[in-house]
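Single-structure report; data block below.
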Amino acid sequence: AIMGEFSAHSLQDRSPEPWEPVETHLRLVAGGNAAFPGAAGFAEAFGAAEWGRLLGLWHDLGKYSARFQDYLKSVNGLEASLESKPGKVDHSTAGAQHAVRQLGSELGSLLAYCLAGHHGGVPDAANSPVAGKSLRERLHEPSGERDHSIEGAPRALLDQPAPPMPKLDLRANNKRDVAFRLSVFCRMLFSCLVDADYLATEQFMSPERSAARRRTLPTLAELKPILDAHLDRLQSGAADTPVNRQRRLVLDACRRAADNPPGLFSLTVPTGGGKTLSSMAFALRHAVRHGLRRVIYAIPYTSIIEQNASVF
């Protein structure tokens, strides 16, 4: 097989399609397919589909550079996409620079953080003694150099309109609040891009593993009665002791609170009081009641994460 003019990934030891064109990869990351929704689909959940689509289209523009293409010819597999190791080719800075040129410093910078960091992590804004090059440094690197040249990229990829303003309340008087909201928005976009990039790359590099992900997961509405039935069985078989009576009170309180409007809820219960299952009973009921899409469990210690995951 002969390598195409610009390729994103290579499988030199496989056929019939050992080379993946850059544009094919970019459009898959941007819009997804039947196997996954792509960055636009992921970001649609928080009203930012166009932001996700742009990230997908621009994240690997640096692969249109001659240096990256030369490098790809010399290696096999995913190694060409890993920028964090010495000797690797920087293919993410070019997209960040293009975003700022195309959209201006404000909107463009939000995308640039994600684009520049999609392999190595979101960069710091300015110089840091403990991190790599800052975003500011990378944006000011000469874009015409061999590493960052995107002259080979189709204009249809490069010429994109600005996305709509993010659905955020940016009218707060406190600048720290505004900065925090923008930071969370940026990190959500970053997550959408990274997930879409890895899933799209997996489809090309490891189609068997990619196919194994295509399974129908139960909805929260389907999970709720399963948990409720399990809790009812536990309660019916539990002895009538002071501790078990308190556990019932905790569970009942969690179920009642789930019917309240969304907001911040606090549950303070000593060890052994049934927090794990009672909190999940609250979460599923609250999610179903208010049409929420996910329950996200954030736990501080790996041992507790594994323990709770086993229970769930």
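Keep in mind it's a predicted model, so treat the numbers as computed, not measured. Basis for what follows: all heavy atoms, side chains included, without hydrogens, waters or symmetry-related copies.
- In this structure, the side chain of S236 engages the main chain of R233 through a donor-acceptor pair within 3.5 Å.
- Residue I150 holds its CD1 atom at 5.5 Å from NE2 of H98, rounded to the nearest 0.5 Å.
- Proximity of E202 to R213: side-chain heavy atoms (C-beta onward) are separated by under 4.5 Å at one or more points.
- Around the CZ atom of R245, the shell of radius 6.0 Å holds more than 12 heavy atoms that belong to other residues, nucleotides or ligands.
- Between L55 and C192, the closest side-chain pair of non-hydrogen atoms is not below 4.5 Å.
- In terms of modelled atom types and a separation under 3.5 Å, the side chain of S191 and the main chain of R187 share no donor-acceptor contact.
- Separating the CZ atom in R256 from the CG atom in L251 is a distance of 10.0 Å, to the nearest 0.5 Å.
- Between H25 and D197, the side chains place a donor N or O and an acceptor N or O closer than 3.5 Å (distance only, hydrogens not considered).
- Transitive grouping of hydrophobic side chains (ILVMFWY, heavy atoms separated by less than 4.5 Å) keeps Y297 and L292 in distinct clusters.
- In this structure, S134 contributes its side chain and E137 its backbone to a donor-acceptor pair below 3.5 Å.
- W58 contributes no side-chain N or O that, together with a main-chain N or O of L111, makes up a donor-acceptor pair within less than 3.5 Å.
- When hydrophobic clusters are built by joining Ile, Leu, Val, Met, Phe, Trp and Tyr residues whose side-chain heavy atoms come closer than 4.5 Å, directly or via intermediates, F282 is not grouped with L277.
- There is no side-chain donor-acceptor pair under 3.5 Å between H59 and H91.
- Between F180 and N174 the shortest side-chain heavy-atom distance does not fall below 4.5 Å.
- A side-chain donor-acceptor contact under 3.5 Å links R138 to the backbone of A116.
- The shortest distance between side-chain heavy atoms of C254 and F265 does not fall below 4.5 Å.
- If you check the side chains of R247 and S278, you find no donor sitting under 3.5 Å from an acceptor.
- Remark: the Q235 side chain and the N244 side chain contain no N/O donor-acceptor pair separated by less than 3.5 Å.
- Residues F46 and M188 meet the side-chain proximity criterion, which asks for heavy atoms closer than 4.5 Å.
- Looking at F185 and L170, their side chains never come closer than 4.5 Å, going by heavy atoms from C-beta outward.
- A 6.0 Å sphere centred on CD of E44 holds no more than 12 heavy atoms belonging to other residues, nucleotides or ligands.
- In the model, H118 has a side-chain atom that pairs as donor or acceptor with a side-chain atom of D60 under 3.5 Å.
- E222 contributes a side-chain N or O that, together with a main-chain N or O of T219, makes up a donor-acceptor pair within less than 3.5 Å.
- The closest donor-acceptor contact from the side chain of R181 to the backbone of D169 lies under 3.5 Å.
- Q203 has its side chain within reach of F36: a pair of non-hydrogen atoms, C-beta onward, lies under 4.5 Å apart.
- For R214, the CZ atom is densely surrounded, since the number of other residues' heavy atoms within 6.0 Å is greater than 12.
- With contacts defined as side-chain heavy-atom distances shorter than 4.5 Å, the pair Q97/E141 qualifies.
- Distance check: L57 CG to L28 CG gives 11.0 Å after rounding to the nearest 0.5 Å.
- Residue-environment remark: CG (L264) stays at or below the threshold of 12 foreign heavy atoms within 6.0 Å.
- Aromatic pair F190/Y113: centroids not less than 6.0 angstrom apart.
- A side-chain donor-acceptor contact under 3.5 Å links K275 to the backbone of V269.
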